[in-house]
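For reference, the structure discussed in these notes is given below.
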Amino acid sequence: MSYESEFRIWRGEGGEGGFTSYRVEVEEGEVVLDLVHRLQATQAPDLAVRWNCKAGKCGSCSAEVNGRPRLLCMTRMSTLPAGEPVVLTPLRAFPSVRDLVTDVSFNYAKAREVASFAAPAGLAPGEYRMRQEDVERPQEFRKCIECFLCQDTCHAVRDHEENKAAFAGPRFLMRVAELDLHPLDAAAEQGLDRRDAAKEEHGLGYCNITKCCTEVCPEHIRITDNALIPLKERVADRRYDPLVWLGAKIGLR
Ligand code: SF4
Ligand code: F3S
Ligand code: FES
């Protein structure tokens with residue numbers, strides 16, 4: 001059964017703008033992105049929105065629905081409060097480009113700051129061998145679609161512009177955690193201690209385990225419990241346990 005809904009959409013450029021209200025017909029089973037497309041096709045042909053797959057896999061359609069970071073294509077209208085306006089705003093933590101589109105290049109800059117996997121010296125591709133449990137452990141992290149909803153919601157970024165230079169955010173600390181656990185990663189032999197880097201370069205200490213990142217992740221990755229807290233524990237072990245510190249120094253990880 002169809003019904004009419006009010007949409008209040010932030011329209012503007014470069015951070016300057018305001019809300020415009022629209023009334024639009026909603027069909028059963030539709031998601032928020034369907035309604036944005038209907039508005040583009042009828043009342044607001046110049047409404048800017050970023051999207052691609054409409055299947056929750058490309059991570060492009062990130063925005064805020066009623067103040068909560070969401071994928072527009074995975075937010076069913078039936079899950080929103082009936083009879084209330086649907087408020088759409090761009091991701092708050094990143095600079096506005098136009099309407100619902102933000103400039104997420106902060107995240108690409110942070111991605112580049114994480115040193116990539118370092119192949120062990122003397123092993124040719126195809127000679128790498130890993131235990132099944134080492135393959136399975138980071139599998140959860142590799143489901144990330146880089147929607148940056150976790151980056152948008154983390155208060156250390158969202159409410160503190162001044163932290164951005166020093167804090168990589170949950171998505172990229174998760175990447176550091178994944179590489180730190182990789183049994184073939186030879187970064188340490190090449191002079192990069194990933195645990196020191198987590199603390200000194202990627203701002204692990206800014207995370208105070210609020211778990212908001214985990215709550216908004218559309219892939220249901222347990223970012224805090226499975227990546228950030230264990231990484232914090234490994235960093236603390238390294239720092240305070242003299243045997244662990246000595247083992248690290250002589251190459252026993
Ligand atoms: Fe999106 Fe989850 Fe990846 Fe963060 S960890 S970027 S919320 S998929
Ligand atoms: Fe931020 Fe997630 Fe830590 S929301 S404070 S990175 S647990
Ligand atoms: Fe690809 Fe929404 S359009 S995740």
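Counting convention: from 1, in listed order, for ligands and their atoms alike.
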Using a heavy-atom cut-off of under 4.0 Å, does the side chain or the backbone of Val216 touch ligand 1, or both, or neither?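 It is neither part, as no heavy atom is under 4.0 Å.
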Which bit of Glu146 gets closer than 4.0 Å to ligand 1, counting heavy atoms only: side chain, backbone, both or neither?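 Backbone only.
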[atom1]/[X]: more than 12 non-hydrogen atoms of other groups inside 6.0 Å:
| X | atom1 | value |
| --- | --- | --- |
| Glu28 | CD | no |
| Arg23 | CZ | yes |
| Arg137 | CZ | yes |

Quick one: are [X] and [Y] in side-chain contact, heavy atoms under 4.5 Å?
| X | Y | result |
| --- | --- | --- |
| Asp225 | Thr214 | no |
| Asn163 | Val157 | no |
| Asp99 | Pro90 | no |
| Arg8 | Thr20 | no |
| Ile9 | Thr89 | no |

Kindly confirm whether atom 1 (Fe) of ligand 3 is within less than 2.8 Å of some N/O/S atom in Cys61?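 Checking Cys61: none of its N, O or S atoms is under 2.8 Å.
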Can the ring centroids of Phe167 and Phe106 be said to lie less than 6.0 angstrom from one another?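 Between Phe167 and Phe106, the centre distance exceeds or equals 6.0 Å.
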Quick check on the 6.0 Å ring-centre criterion: do Phe117 and His182 meet it?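 Between His182 and Phe117, which both carry aromatic rings, the centre distance is below 6.0 Å.
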Contact partition for Leu173 relative to ligand 2, non-hydrogen atoms under 4.0 Å: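 Answer for Leu173: neither.
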Under-4.0 Å heavy-atom contact with ligand 2, by part of Thr224 that carries it: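 Within the 4.0 Å criterion, Thr224 contacts ligand 2 through side-chain atoms alone.
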What protein heavy atom lies closest to [atom]? Include the residue and the distance to one decimal.
| atom | value |
| --- | --- |
| atom 2 (Fe) of ligand 1 | Cys217 SG, 2.4 Å |
| atom 4 (S) of ligand 3 | Gly59 N, 3.3 Å |
| atom 8 (S) of ligand 1 | Ile145 N, 3.4 Å |
| atom 3 (Fe) of ligand 1 | Cys144 SG, 2.3 Å |
| atom 1 (Fe) of ligand 1 | Cys147 SG, 2.3 Å |
| atom 3 (Fe) of ligand 2 | Cys207 SG, 2.3 Å |
| atom 1 (Fe) of ligand 2 | Cys154 SG, 2.3 Å |
| atom 4 (S) of ligand 2 | Cys213 N, 3.3 Å |
| atom 6 (S) of ligand 1 | Phe148 N, 3.3 Å |
| atom 4 (Fe) of ligand 1 | Cys150 SG, 2.3 Å |
| atom 3 (S) of ligand 3 | Lys54 N, 3.1 Å |
| atom 7 (S) of ligand 2 | Lys211 N, 3.2 Å |

Any idea which heavy atoms bring [X] and [Y] closest together, and the distance?
| X | Y | answer |
| --- | --- | --- |
| Val87 | Phe19 | CG1-CE2, 3.7 Å |
| Phe94 | Thr102 | O-CG2, 3.7 Å |
| Leu173 | Ala198 | CD2-O, 4.2 Å |

Atoms of ligand 1, numbered as shown, that sit under 4.0 Å from any heavy atom of [X]:
| X | answer |
| --- | --- |
| Ile223 | 5 (S) |
| Arg171 | 6 (S) |
| Pro218 | 7 (S) |

Atoms in ligand 2 with a heavy atom of [X] nearer than 4.0 Å:
| X | answer |
| --- | --- |
| Pro170 | 6 (S) |
| Cys212 | 4 (S) |
| Ile209 | 3 (Fe), 5 (S), 7 (S) |

Looking at Arg171, is its backbone amide N or carbonyl O close enough to the side chain of Gln151 to form a donor-acceptor pair, meaning the two atoms are under 3.5 Å apart?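 Yes: the side chain of Gln151 pairs with the backbone of Arg171.
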Do the side chain of Lys110 and the main chain of Ala165 share a donor and acceptor less than 3.5 angstrom apart?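 Present.
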Under 4.0 Å from a heavy atom of [X]: which atoms of ligand 3 are those, numbered in the order shown and with their elements?
| X | result |
| --- | --- |
| Cys73 | 2 (Fe), 3 (S), 4 (S) |
| Asn52 | 3 (S) |
| Gly56 | 4 (S) |
| Lys57 | 4 (S) |

I want to confirm something. Looking only at heavy atoms, which of Cys58, Ala55, Ala63 is nearest to atom 1 (Fe) of ligand 3?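 Considering heavy atoms of Cys58, Ala55, Ala63, the nearest to atom 1 (Fe) of ligand 3 sits in Cys58.
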Quick one: which of Thr153, Leu204, Asn208 has a heavy atom closest to atom 5 (S) of ligand 2?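 That would be Asn208.
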Parallel, tilted or perpendicular: rings of His160 and His155 (30°, 60°):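 His155 vs His160 ring planes: perpendicular.
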N/O/S atom of Cys53 under 2.8 Å from atom 2 (Fe) of ligand 3, yes or no?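 Given the 2.8 Å cut-off, Cys53 does not count as a ligand of atom 2 (Fe) of ligand 3.
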Val65 reachable from Leu91 in the ILVMFWY side-chain graph, under 4.5 Å edges: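 Not linked; separate clusters.
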Derivation and outcome, side chain to side chain contact (heavy atoms under 4.5 Å, CB included), residues Glu64 and Arg70: CA-CA 6 Å; Glu64 300 194 5; Arg70 307 287 295 256; over 6 Å; no
Using a 4.0 Å heavy-atom cut-off, say whether Met74 meets ligand 3 through its side chain, its backbone, both or neither.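 It is neither part, as no heavy atom is under 4.0 Å.
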